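Remember, it's a predicted structure, so these values are computed and weren't measured experimentally.
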Amino acid sequence: MDFLTVQEVIQDIPAEYDILIRFNESFEDSESGVPINKEYKAFIAETNGQAVGVAVLEKFTFASTVSDQFDIEEFVNLDVTPLDGQHLLLRHMILNPFFMQQSRWFTEEIMRMAGVSCMLYMVDETSKSDVCTKALMSKQFIPVNRRKQIIFEDNLRDGVSVSEQLPFNIQIITNSFLYEPKLEVNTKIVVVGGSDTGIAFLEKLIYTTHLHFSNITLISTAGVPSKLNSESFVDHKCYSNIDLKQIGLEHYIRIVQASTTELDRVLKRVRLDDDSFISYDYLFLTPGVQFFSSSINEDFSNLNGVFNLNPRSYASYMQASMKLLGRDDAQTGRIVIYGRDLQVFVTFQELIKKGISPSWIVVVIPPPTEPTNCFDNATVENMVLNRLTSVGAQVLIDFKVSQWRSSPSGALESVAFLRKFDKLEIAVDQAEVFLYGDLKSVDPDTFMSINDSCLVFDAKLVIDKFCRTQDPYVFAAGSITKFSSRYQTKWTHGYLDSKEVGKKLAEIVLPLFDPTKISPSLEDNNKVVKFADAKKKYAVLPGNLVYLHFDEPRLPSHSFEFVKKQANYGRDLVINTDTLGYFRIRVDPFGFIRSLTYLGERRIPVENYLCLYGLNEKYLNGLVSRFDEGIISDFVSFLSETWALPIFHDRFPNFIKQCRIDMMKHDGPEIKDIVEQIKEIGLDGQPIKDLERDDLVKQFQASLDRNIWDTQMFQFFLDTKSSNSSQFVAVRGLETVDAGRPSKPREDQFGLSSENQYNCDESTAPSSHHRLQHAESDSASKSDRECEDKKSPKSHKEVEKRRREKISSGIAELALLVPGADGQRKGRVVERAIEYMIQLQEKEQRSLESWNVQKMMLDDRIEILNGQILEFRRSNAQLRSEIAKYHM
């Protein structure tokens, strides 16, 4: 088959040039006539002597990078099927339209002739021009889920720089999926709003392996979902820009950049702002809430110079603010940042970073409407406000906008603020820019379209527990919604993790589209669905302070001080110094981490810390006990050590779940006995007492089955390659061990966890099966422990050195007590102590055996004597009888 014939097959295709170049390279030979190790392989499909298709495969040379960032192992066992160096990366597949139905057969033949059991397809920027291949692959290939990455210190793993994240989507086909074609779902699904909830909902649908959704439309005012710089806005750690590129929504669905103006529920269609219509079978409303200064006054919001702190307005308000750049104090002009949202402080830092002088900025914080504020922590709030004033910004607290003045052209000139309790009024003249970041609400266009469609709207869109409106074909989720009053709850989706809400919505509606499942009845029992994932916030605040906070879901009325007074709060581990910053970890009474707050100047591995939510502190090398002993002086350094890296691995949650399952199913009598004891002790619903816990730990340490768990842990380290050194520490609190040579674990740091450690539902978290952890006191004396030392703290290595010195001192005392051990090295002292204890045990055993022999001999002698006594008594009785007869 010649080059011209292939050219005829791909004629008029946008990617024609790229295909021909790669096709030509696949047939290049060396000068000696021996075929070289080509980068590409080409395949041609023909019928009756006519070419009807062409495919080009590329050699796969970065398999380890792809497997690290995408869950390839969900489909392929990489130990059995190595990918590196194989021609399995599909670059192009073109088929004559009349033979599209045979595309799966063509794929099968390509895999057979190439000698591979799977093929990958990269949906990147270069693939956009090859729409034919992309259309074929979307029907045949399966999108691969991305994986969470461990953040290594200095981005080095074992001294080698970690690869940057790949900015594209990966699809895969294997031999098994060749014969299990995806089911086509042609239902017209329309999603309004590109919020995190909407993205999570779409991701769940698209990544369902056995379904192909061919008719999904996303209507978003921003178009293709993307994220600006995480330091320009508050980041809720649902999706980053690279996450969105790896998901690749635009490759699987139709995205329309527009806003909705009407929802026609009768004709089941949506009107857009350009007066076009999009029909739907099912409509999903997932727009987020945003800042709108119209909550102050409608006329005020229309003035030139008034902006909302929303991503869509970022370019506009930054351009207006940059006009003040370079002005001196003698010139006029002020920037007012108004609101009590965390975004106010982020925007201040953004302006400072751009070069705006802090003296030109006025930060106005209105009085709160809820018991909680954006920080909900007095210590953190004071640190941020002090940093604001220290850099020279003017800060007005508890002031509200009272009046304003504008020019004839409609430009803002000045704003006055009033404090209610003392009637103090302060005017800010020459206010050229007013940035609003206070209350969030629904977009007016969205509100009008929902309201005009007669959907129930009570400040927010009313839904039931299954995210249904009163229209069975209209669903809604996210921060624009609230639960119906019949549930008698104050909970809304806005208080929950947006990503989890989107996935829950997808789980609810998937049976409606999946022909392999029976549609659920969705019976309402007036109980709200429970959510477990943490609510997260990350931001860069004034003074370059890094702020991270995650907490279990709770109502805004439940302030930090209120929650601390609850019986199930547990305790706080707090380190707060000028040099290290503020770091708080909340541990509940059962040892599970429920909240974390960090504020400091150091950059931290945020993604690593997010893995700690719902994890038991025993997995953190005995976090609580080490903190109480004073060993931990810096949480950042402690959590950056090598032993912690396996905990941050994305497969660690599944690993501990599997360990729990294996333990519950284990046939060993010792493990069964321990589990039964735990169940019996935990029936009262209280944590296990220290003495009982220690006794159970000793039983497990002495059991022969313990080696099974040690083997599983070390195998996990080897399989995941998550260690950053030749040494690592077992996740249940073991001392440092060399690979392949485990040392005996510390008895006071061992913890068994048997329920789902990543579920924060308190009805299941304190189960009787995982109460082997140490129950910590939540008394006031311990709950607010802080490090007051203002001097430079000792490094963790120095603390560990002191700890080793204590151990050495103890061994020296032991040497004085054990005969023949004095003056010996440490290892020999321990060996001699063990030998001496064994000798004592053997001596005791010999003494016991000797005593038993003597006891048996004495028992025999006593039995003989007793027999003799009985004989004497009988003789005595006979003599007495004869004497009596003689006297008669």
Tyr282 and Leu512 have their tightest heavy-atom pair at CE2-CD1, 4.1 Å
Between the CG atom in Leu166 and the CG atom in Asp124, the distance rounded to the nearest 0.5 Å is 10.0 Å
Close side-chain approach of Phe213 to Ile206, heavy-atom, < 4.5 Å: no
Nearest heavy-atom pair of Phe716 and Arg651: which atoms, and what distance? CE1-O, 3.9 Å
Sequence-distant partners of Arg112, side-chain hydrogen bond (donor to acceptor under 3.5 Å, both in side chains), two or more places apart: Glu109
If you take all heavy atoms of Lys148 and Cys611, which pair is closest and at what distance? CE-SG, 3.2 Å
Does the side chain of Asn175 pick up a donor-acceptor pair with the side chain of Ser117 at under 3.5 Å? no
Passes salt bridge (Lys or Arg N to Asp or Glu O under 4.0 Å), Glu231 versus Arg603? Steps please. CA-CA 12 Å; Glu231 295 188 0; Arg603 298 288 167 162; 2.8 Å; yes
Evaluate whether atom CE of Met100 has more than 12 neighbouring non-hydrogen atoms of other residues, nucleotides or ligands under 6.0 angstrom away. yes
Backbone N/O of Ala532 and side chain of Glu500: donor-acceptor pair under 3.5 Å: yes
Can you name the side-chain hydrogen bond (donor to acceptor under 3.5 Å, both in side chains) partners of His210, sequence neighbours left out? Asp514
Between Tyr538 and Lys237, is there a cation-pi geometry (under 6.0 Å to ring centre, at most 45° from the normal)? yes
Leu120 side, atom CG; Arg91 side, atom CZ - distance, nearest 0.5 Å: 11.0 Å
Any side-chain heavy-atom pair from Thr208 and Phe513 closer than 4.5 angstrom? no
Ile142 and Glu180, any side-chain heavy atoms less than 4.5 Å apart: no
Output for pair (Tyr619 OH, Phe652 CZ), nearest 0.5 Å, gives 6.0 Å
Establish, from distance only, whether the side-chain atoms of Asn169 and Tyr252 form a donor-acceptor pair under 3.5 Å. yes
What's the shortest heavy-atom distance between Thr197 and Val501, and which atoms? CG2-CG1, 4.0 Å
Quick check for you: to the nearest 0.5 Å, what is the distance between Asn241 atom CG and Gln246 atom CD? 11.0 Å
Side-chain heavy-atom pair Met137, Val123 within 4.5 angstrom cut-off: no
Hey, are the side chains of Asn145 and Phe70 touching, using non-hydrogen atoms and a 4.5 Å cut-off? no
Residue pair Ile170 / Gln69, side-chain heavy-atom distance below 4.5 Å: no
Rounded to the nearest 0.5 Å, how far apart are CZ of Arg22 and OH of Tyr40? 4.5 Å
Can you establish whether the number of heavy atoms outside Lys204 located under 6.0 Å from its atom NZ is more than 12? no
Can you give me the closest heavy-atom contact between Glu184 and Asn186, atom names plus distance? CG-OD1, 3.5 Å
Under 3.5 Å donor-acceptor, Ser214 side chain and Val185 backbone: yes
Suppose we call two aromatic rings close when their centres sit under 6.0 Å apart. Are Phe60 and Phe62 close by that rule? yes
Note: Cys118 and Leu83 closest approach over all heavy atoms is SG-CD2, 3.7 Å
Do Asp68 and Thr65 have a side chain donor and acceptor closer than 3.5 Å? no
Please determine if Lys499 and Asp533 form a salt bridge, counting it only when a charged side-chain N lies under 4.0 Å from a carboxylate O. no
Flag the pair Leu218 / Ile216 as yes when at least one side-chain heavy-atom distance between them is below 4.5 Å, and no otherwise. no
I'd like to know if the side chain of Thr217 reaches the main chain of Val190, judged simply by a donor and an acceptor atom lying under 3.5 Å from each other, with no hydrogens or angles considered. no
Has Lys503 got its NZ or CZ under 6.0 Å from the middle of the six-membered ring of Phe201, at an angle within 45 degrees of the ring axis? no
Report yes if the side chains of Arg104 and Lys139 come closer than 4.5 Å at any heavy-atom pair, otherwise no. no
Do Ser103 and Gln140 have a side chain donor and acceptor closer than 3.5 Å? yes
Ring center gap for Phe43 and Phe106 short of 6.0 angstrom: no
Once rounded to the nearest 0.5 Å, what's the spacing between atom CZ of Arg254 and atom CG of Leu249? 15.5 Å
Electrostatic pair Asp71-Arg146, nearest N-O below 4.0 angstrom: no
Are any of the side-chain nitrogens in Glu164 or Lys245 under 4.0 Å away from the carboxylate oxygens of its partner? no
Assert yes or no for the condition that the ring centre distance of Phe475 to Phe466 is strictly below 6.0 Å. no
Would you confirm whether Asn96, through its side chain, and Phe98, through its main-chain N or O, come within 3.5 Å as a donor-acceptor pair? yes
